[in-house]
Amino acid sequence: MSVNVLEGDFRLEKASIGLVASRFNSFIVQSLVDGATDVLQRQLGDQAAIDLAWVPGALEAPLVARKMADSGRYDAIVVLGAVIRGSTPHFDIVANESAKGLAQVSMSAGIPVINAILTTNTIEQAIERAGTKAGNKGAEAAMGALEMISLLARL
């Protein structure tokens with residue numbers, strides 16, 4: 001039996017990426033944006049086409065991601081945000097509903113929508129994931145978007 005393995009890589013000549021970033025917890029999110037744009041510019045060079053849309057919070061991100069996807073101008077969309085647990089159940093609603101909305105956009109539009117909305121218990125955990133101990137999840141999300149664009153082109 002032979003297995004044909006299909007994988008994406010990061011050798012794209014050009015790509016158009018939509019970034020959606022939440023202003024809520026912007027001191028964290030700006031680091032995610034910086035990480036994502038750095039990766040995209042390094043990987044794609046002058047061929048990087050990046051649009052950045054700022055939204056009030058994570059719950060607004062799926063609607064803007066949907067508008068970007070519907071425009072047909074983007075190969076992938078990367079959504080960046082930070083939802084930090086508080087003392088009320090609001091955290092669970094925001095985290096769950098934003099994730100569900102982004103998954104729906106990806107499935108209905110047929111393009112990668114990478115969910116890089118951090119969901120952490122503490123501010124310290126968010127800081128770690130925005131470029132310190134745990135790497136930069138914005139940069140990782142951008143790499144995931146490039147890999148998915150490449151994989152989908154091979155299918």
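Heavy atoms only: backbone and side chains are in, while hydrogens, waters and symmetry mates are out.
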Determine, stepwise, if the pair M68 / V79 fulfils side chain to side chain contact (heavy atoms under 4.5 Å, CB included).
-> CA-CA 11 Å; M68 284 181 154; V79 182; over 6 Å; no
Does one hydrophobic cluster hold both L12 and I114, with members joined at side-chain heavy-atom distances below 4.5 Å?
-> yes
Is the backbone of S16 close enough, under 3.5 Å, to the side chain of D75 for a donor and an acceptor to pair up by distance?
-> yes
4.5 Å side-chain heavy-atom contact, R85 and T119 = no
Is there a path from L63 to W54 through hydrophobic residues (I, L, V, M, F, W, Y) whose side chains come within less than 4.5 Å of each other?
-> no
Check: I84 and T122 side chains under 4.5 Å, non-hydrogen atoms | no
Minimum-distance pair of heavy atoms, taken over all atoms of V105 and P62 | CG2-O, 3.6 Å
Which atom names give the shortest non-hydrogen contact between A53 and V64, and what distance separates them?
-> CB-CG1, 3.9 Å
Please assess E128 against T120 for the test side chain to side chain contact (heavy atoms under 4.5 Å, CB included), listing each intermediate value before the final yes or no.
-> CA-CA 10 Å; E128 288 174 0; T120 63; over 6 Å; no
Residues at least two apart in sequence or cross-chain that pass salt bridge (charged side-chain N to carboxylate O under 4.0 Å, His left out) with E97, listed by chain then number, are K100
Where the side chain of S150 meets the backbone of D9, is there a donor-acceptor pair that is under 3.5 Å apart?
-> yes
Under 4.5 Å between side-chain heavy atoms, hopping through other hydrophobics if needed: is there a path connecting L52 to I77?
-> no
Would you say N136 and D38 make side-chain contact, with heavy atoms under 4.5 Å?
-> no
Would you find a donor on one side and an acceptor on the other, under 3.5 Å apart, between the side chain of E60 and the backbone of G57?
-> yes
So if you build clusters from Ile, Leu, Val, Met, Phe, Trp, Tyr with side-chain heavy-atom gaps below 4.5 Å, do L80 and I123 land together?
-> yes
Closest non-hydrogen atom pair, R154 against E7 = NH1-O, 2.7 Å
Quick check: are there more than 12 heavy atoms from other residues, nucleotides or ligands sitting under 6.0 Å from CZ of R11?
-> no
Return yes if some donor-acceptor pair links the side-chain N/O of N25 with the main-chain N/O of I28 below 3.5 Å, else return no.
-> no
Contact check, side chains of S22 and I117, non-hydrogen atoms, under 4.5 Å | no
Got a second to check how far I17's CD1 is from L146's CG, nearest 0.5 Å?
-> 5.5 Å
Where L102 and A65 come nearest, the two heavy atoms and their spacing = CD2-CB, 4.0 Å
Might you confirm whether atom CZ of R23 has over 12 heavy atoms from other residues, nucleotides or ligands at distances under 6.0 Å?
-> yes
Is the count of non-hydrogen atoms from other residues, nucleotides or ligands lying under 6.0 Å from F91 atom CZ greater than 12?
-> yes
What one should report as the nearest heavy-atom pair of S31 and A130 is CB-O, 3.2 Å
Got more than 12 heavy atoms from elsewhere within 6.0 Å of CG, D46?
-> no
Between S106 (side chain) and I111 (backbone), is there a donor-acceptor pair under 3.5 Å?
-> yes
Roughly how far, to the nearest 0.5 Å, is OG1 of T37 from CD1 of I50?
-> 6.0 Å
Nearest atoms (heavy-atom pairs only) where G110 meets L152 | O-CD1, 4.4 Å
Under a 4.5 Å side-chain heavy-atom rule over Ile, Leu, Val, Met, Phe, Trp and Tyr, are V29 and V83 clustered together?
-> no
Check against side chain to side chain contact (heavy atoms under 4.5 Å, CB included), Q43 and M143 | CA-CA 9 Å; Q43 290 295 123; M143 291 298 287; 4.1 Å; yes
